[in-house]
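Written out below as structure tokens is the structure these notes cover.
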Amino acid sequence: MTEAALKLENCHSYYTIATCGDCGKVRKFPNRCDLFYCPECANHLQHERQRQVEWWAARIKQPKHVVLTIRNITDLSAGHVDELRKMFGKLRRRKFARNWKGGYYGIQVTNEGKGWHLHIHALVDARWIDEPELKQQWRSITNGLGYIVRVKDCRDADYLRETTRYVIHGSQLAAWQPDTIETFVRAFQNKRTFGVFGELYGARTEFAEWIATLKQAKPRCECGSCNVRYQSETDWLIYQTFEQPSNQPRPPPSSEQQLLNTVLPPLWPD
Ligand SMILES: [Zn+2]
Ligand SMILES: [Zn+2]
């Protein structure tokens, strides 16, 4: 998977320098690949996922946190991911779930050396979900593969953290062996790992509009100013050296020195 590996290699390899035209604050932004299997982008992806999922969570009136798992599998494939999503769809269409007004779900995976542990965290809008009955239903849909099934109390604040989690933890991914990473990437490539259903499905136009406004919003400096200049590292250095107006404060020398260290190749004697 050379091409995919090269994209990871290139990720976080250069920076854009943002200088606030009002307070003079200088910030650095790395280039991102935003690939779901990039450990360096994992934090950013998790942050984005959380912000979006919280938008959906706010539309659920009587949230019940449902956890559904299947027994660990030794070799993960794209088929397993599809199958899990289909099984969850089947469950929602059963008579048992007719009081589920809507909700969202996310597919997550872990592998701590004992096989692949695929599971679903869902936030369901329902007045009441019977856990023993849910267990039975899930077991029958999964042909006995259904494993841990829980309905968690949402007065416990953990549910937001658990249901907004991205498909994988960056730190776990970074610790895997290459063949494990390859299996994971192939299984989840182009797979949807988040979905909404029921009444929430009707809000997806509103959701798309919200995302569009977020994208249009101008990036701001901490001081509130939108007057921000973006430069490559090289242009920024040239600007610092030759074009800096004398009446503007220069950034502190320590940060400038750090920046120089990251930008310029070391000087070797001939
Ligand atoms: Zn500012
Ligand atoms: Zn990346």
Side-chain angles (χ1 to χ4, degrees), residues 1-53 76 78 81 106-111 164-194 211 214-240 243-259 262-263:
M1 301 182 76
T2 317
E3 203 183 314
L6 280 175
K7 282 181 188 161
L8 293 186
E9 188 90 347
N10 187 41
C11 182
H12 283 61
S13 60
Y14 59 88
Y15 287 83
T16 298
I17 314 292
T19 314
C20 175
D22 286 313
C23 75
K25 193 176 169 65
V26 177
R27 290 171 298 159
K28 289 169 69 174
F29 297 99
N31 65 314
R32 298 193 318 259
C33 69
D34 279 343
L35 292 168
F36 69 93
Y37 46 86
C38 175
E40 278 187 295
C41 290
N43 272 347
H44 180 257
L45 293 170
Q46 173 62 49
H47 179 80
E48 281 302 300
R49 158 83 67 134
Q50 183 155 346
R51 192 154 71 140
Q52 295 183 17
V53 177
L76 181 74
V81 182
I107 296 176
Q108 297 172 20
V109 72
T110 55
N111 186 336
T164 55
R165 195 168 284 158
Y166 200 56
V167 62
I168 184 72
H169 261 292
S171 54
Q172 184 169 110
L173 178 68
W176 284 346
Q177 292 301 310
D179 57 337
T180 310
I181 298 174
E182 185 187 348
T183 304
F184 167 71
V185 173
R186 292 199 191 280
F188 279 93
Q189 196 111 55
N190 304 319
K191 287 279 172 268
R192 216 156 38 81
T193 55
F194 179 83
I211 293 288
L214 284 185
K215 281 186 180 157
Q216 275 165 13
K218 270 189 142 190
R220 278 177 189 274
C221 170
E222 280 167 18
C223 74
S225 169
C226 287
N227 176 19
V228 181
R229 184 182 57 239
Y230 295 93
Q231 290 165 300
S232 70
E233 286 167 304
T234 318
D235 287 349
W236 185 80
L237 277 172
I238 293 170
Y239 184 84
Q240 289 300 301
E243 295 171 39
Q244 177 91 1
S246 56
N247 61 346
Q248 274 194 16
R250 292 178 73 91
S254 61
S255 66
E256 201 176 337
Q257 192 55 49
Q258 271 170 8
L259 196 66
T262 61
V263 176

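Just so you know, ligand 1 is whichever comes first in the structure, and atom 1 is the first atom listed for that ligand.
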To the nearest 10 degrees, calculate the angle at the Zn ion (ligand 2) involving SG of Cys11 and SG of Cys41.
100°

Given a cut-off of 2.8 Å, the protein N, O or S atoms lying below it from the Zn ion (ligand 1) are Cys20 SG, Cys23 SG, Cys221 SG, Cys223 SG

Any donor-acceptor pair under 3.5 Å from Asn31 side chain to Asn10 backbone:
yes

Do you see an N/O/S atom of His12, backbone or side chain, under 2.8 Å from the Zn ion (ligand 2)?
no

Parallel, tilted or perpendicular: which one describes the rings of Tyr230 and Phe29, with boundaries at 30° and 60°?
tilted

Are there more than 12 heavy atoms of other residues, nucleotides or ligands under 6.0 Å from atom CD of Gln189?
yes

For the residue pair Glu222 and Cys23, establish whether any side-chain heavy-atom pair is separated by less than 4.5 Å.
no

With a 6.0 Å cut-off (strictly less than), is the heavy-atom count around CG of Asp235, excluding the residue itself, greater than 12?
yes

Counting N and O atoms only, with roles assigned by atom type, does the side chain of Trp176 sit under 3.5 Å from a partner on the main chain of Asn111, one being a donor and the other an acceptor?
yes

Any donor-acceptor pair under 3.5 Å linking the side chain of Gln46 with the backbone of Tyr166?
yes

